[in-house]
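Structure, as structure tokens:
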Amino acid sequence: MRIFWTLARRELGAFFCSITGYVIIAAVMFLIGLSFVVLMTNLGSDPSPMPVTEMFYRTYFFWLIVLLATPALTMRLFALEKFSGTFETLMTTPVSDLQVVAAKFASALVFYIVMWLPMLACLFVVRHFTNQTCALDAGTVGGMYLGVFLVGGLFLSLGCFASALTRSQMAAAMISFVLGVSLFSVGFLAEALPVATQWQSQVLSYFGLFEQMHNFARGMVDTRAVIFYVSLTFFFLFLTLRVVESRRWK
Amino acid sequence: MNDNAMIAVTDLTKRYAGRTAVAGISFTVARGEIVGLLGPNGAGKSTTMRILSCFLPATSGTVRVSGFDVFRQSEEVRRRIGYMPENNPLYPEMRVQEYLKFRARLKGLNWRRSRERLGTVMEQCGLTEVGRRIIGQLSKGYKQRVGLADALVHEPELIILDEPTLGLDPHQIRAVRQLIKSLAQKHTVLISTHILPEAEMTCNRMLIMFDGKILAADTPDNLQRLMAGGSQIIAEIAAPADELREALSQMPGIEQFNVSPCEGEFQRCALTPRDGYDLRPAIFALALERGWIMRELTRSRHSLEDIYVQVTKPTEEEDGE
């Protein structure tokens, strides 16, 4: 456990001490702000009964941010270490592969959550100027952040996997972007398919990330979705671990 | 197998897809030795070291470090080694102190012990003044020292250094060598290099590797003696060439000689002795007896460089074809 903390602290240090970390935070803040402005102008012209958080997730901004930011966060994790050779110094200390994978994933997740915190400010703004109490309703905000957390976990584990596969950060980012976009699009496939193929559309509907996130944002936590995200996250982390181990049997 | 051996390698082979990097080598390194792994680039030195440090698995053969198998008891082995890979990779965004502390903690030192060791290795490696600087902004020499300090920080039994002086200037090379030599009392050291004088100066024993095999393994002195049959005595004597030739041809112990005129009256004699003979006293006695003036009498020893070139040459030519 001590080694896990040591590793996680270094990884977090690498996020917060490097310019890339702040560029990512700045970019995400910019996109959140932009979507907020779009939302506000829409709201001004057309009043709506929905909570603000839900409105936000009905736009594609959220997904754009997740799909773009997660590869940028995770691409460095393994690829850079392999490229610069520090992977060798790291793996020749008495650390286990599991500790390394867990620490890298955990630090990326922490950074990811920090990256989303500025959005709270937007909600405060809404409440302050509109007297709309439901903007900061504990249930909806909690559900929203749980959704953000679960979706992030899944996409970050995808990114970890992609980064472990290659020495090139660019390739890692592209692989995780492609994997992420395909996972995201599978949900839409369910709607596009004819109803005749029942079990297939049922399976595909579990991949409806867009709809699930929508539910979270309404403050509705569906255990099926939670289990789906958590298990898929662990699946990709398991694959990452296998890839890291693979140098021992390759 | 010898229990006292720090490293025991038996029939180690490593194959990459379509290429054999290490072809069935065996060697042992005793505790407290400084051993140089010598060979041209691509001879399999780094691969051997990576296997020793548990980073890569061997294709076949066994490797034991301090009695532990590198594959099955990898964690025990990793606890006992300090490894500095080629090109000395570091995290450029970290500060020197911070990095060394991080590494000490990773290697299982507790908070107090790591702080203690930090001070010791920083002083040992001359890093005290740059402790708060960012690694990425240090000069190459300092970076190398940070790598060395990292290898030493947990007081490992075995230190493995892959080309520790690569890319340093002569002053820095000298400092690094001094440091390595000073480690000899407490640790076993295995260093790889393709620079001969380096091995000659620092190592008790050398393993010359080429094309995945060990071609020669001995102390630098023994390796030189091995080649002593080819060493020559050079003498410069002022004497008539004919008389000199005659005198030399009657002298026992000379296998071959060659007299060529030098400036003035001096003649330069290159003498090849028979095995084991030291001709120098006889030459001196000869000059004294005849009243000839002698201004030079030396034995040109084969440098390790000659041995190295000779040992690694035949295969190199095959390689070129």
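Just so you know, these numbers come straight off a predicted model, no measurement behind them. Lettering of chains follows the sequences in order, A, B, ..., and the numbering in each one begins at 1.
Proximity to chain A (any heavy atom under 4.5 Å) is shown, for B:Met84, by neither the backbone nor the side chain. Using a 4.5 Å cut-off between heavy atoms, A:Thr89 touches chain B through backbone and side chain atoms alike. In this structure, no portion of A:Leu80 lies under 4.5 Å from any heavy atom of chain B. For B:Asn88, no part lies under 4.5 angstrom from a heavy atom of chain A. Using a 4.5 Å cut-off between heavy atoms, A:Gln99 does not touch chain B at all.
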Would you mind writing out the side-chain donor-acceptor pairs for residues 161-179 of chain A within the sub-3.5 Å range, not counting sequence neighbours?
from: A:Ser163; atom 1: OG; to: A:Thr74; atom 2: O; distance (Å): 3.4
from: A:Ser163; atom 1: OG; to: A:Met75; atom 2: O; distance (Å): 2.9
from: A:Ser163; atom 1: OG; to: A:Phe78; atom 2: N; distance (Å): 2.9
from: A:Ser163; atom 1: OG; to: A:Ala79; atom 2: N; distance (Å): 3.0
from: A:Thr166; atom 1: OG1; to: A:Ser168; atom 2: N; distance (Å): 2.8
from: A:Arg167; atom 1: NH1; to: A:Lys82; atom 2: O; distance (Å): 3.4
from: A:Ser168; atom 1: OG; to: A:Met170; atom 2: N; distance (Å): 3.3
from: A:Ser168; atom 1: OG; to: A:Ala171; atom 2: N; distance (Å): 3.0
from: A:Ser176; atom 1: OG; to: A:Ala172; atom 2: O; distance (Å): 3.2
from: A:Ser176; atom 1: OG; to: A:Ala173; atom 2: O; distance (Å): 3.1

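Heavy-atom neighbours of A:Phe235 CZ from other residues, nucleotides or ligands within 6.0 Å: at or below the threshold of 12. Within a 6.0 Å sphere centred on CZ of B:Arg113, other residues, nucleotides and ligands contribute more than 12 heavy atoms. A:Phe16 CZ: more than 12 foreign heavy atoms inside a 6.0 Å radius. More than 12 heavy atoms of other residues, nucleotides or ligands sit less than 6.0 Å from atom CZ of A:Phe4. By the 6.0 Å contact criterion, CZ on A:Phe149 is open, its count of non-hydrogen atoms from other residues, nucleotides or ligands being 12 or less.
We find the OG1-CG distance between A:Thr92 and B:Leu106 to be 10.0 Å, quoted to the nearest 0.5 Å. Atom CD of residue A:Glu88 and atom OG of residue B:Ser53 lie 6.5 Å apart, to the nearest 0.5 angstrom. The NZ atom of B:Lys107 sits 11.5 Å away from atom CD1 of A:Ile3, with the distance rounded to the nearest 0.5 Å.
Minimum interatomic distance between B:Glu93 and A:Ala14 (heavy atoms only, all atoms of both residues): OE2-CB, 3.6 Å. Of all heavy-atom pairs between B:Pro89 and A:Gly85, the closest is CG-O, 3.2 Å. The minimum heavy-atom distance between A:Pro94 and B:Glu75, with the atom names listed, is CB-CG, 4.0 Å. Considering every non-hydrogen atom in both B:Leu109 and A:Arg2, the closest pair reads O-NH2, 3.6 Å.
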**Request:** Run the numbers on A:Trp5 and B:Arg105 for side chain to side chain contact (heavy atoms under 4.5 Å, CB included), then give the verdict.
**Result:** CA-CA 10 Å; A:Trp5 285 119; B:Arg105 302 279 287 161; over 6 Å; no
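Distance alone, capped at 3.5 Å, places no donor-acceptor pair between the A:Arg10 side chain and the B:Arg103 backbone. For B:Arg78 (side chain) and A:Val95 (main-chain N/O), a donor-acceptor pair under 3.5 Å exists by modelled atom type.
Under a cutoff of 6.0 Å and an axis angle of 45°, A:Arg9 and B:Phe102 do not form a cation-pi pair.
Listed options B:Tyr83, B:Tyr99, B:Tyr91 were ranked by heavy-atom pairs under 4.5 angstrom with chain A; first place goes to B:Tyr91.
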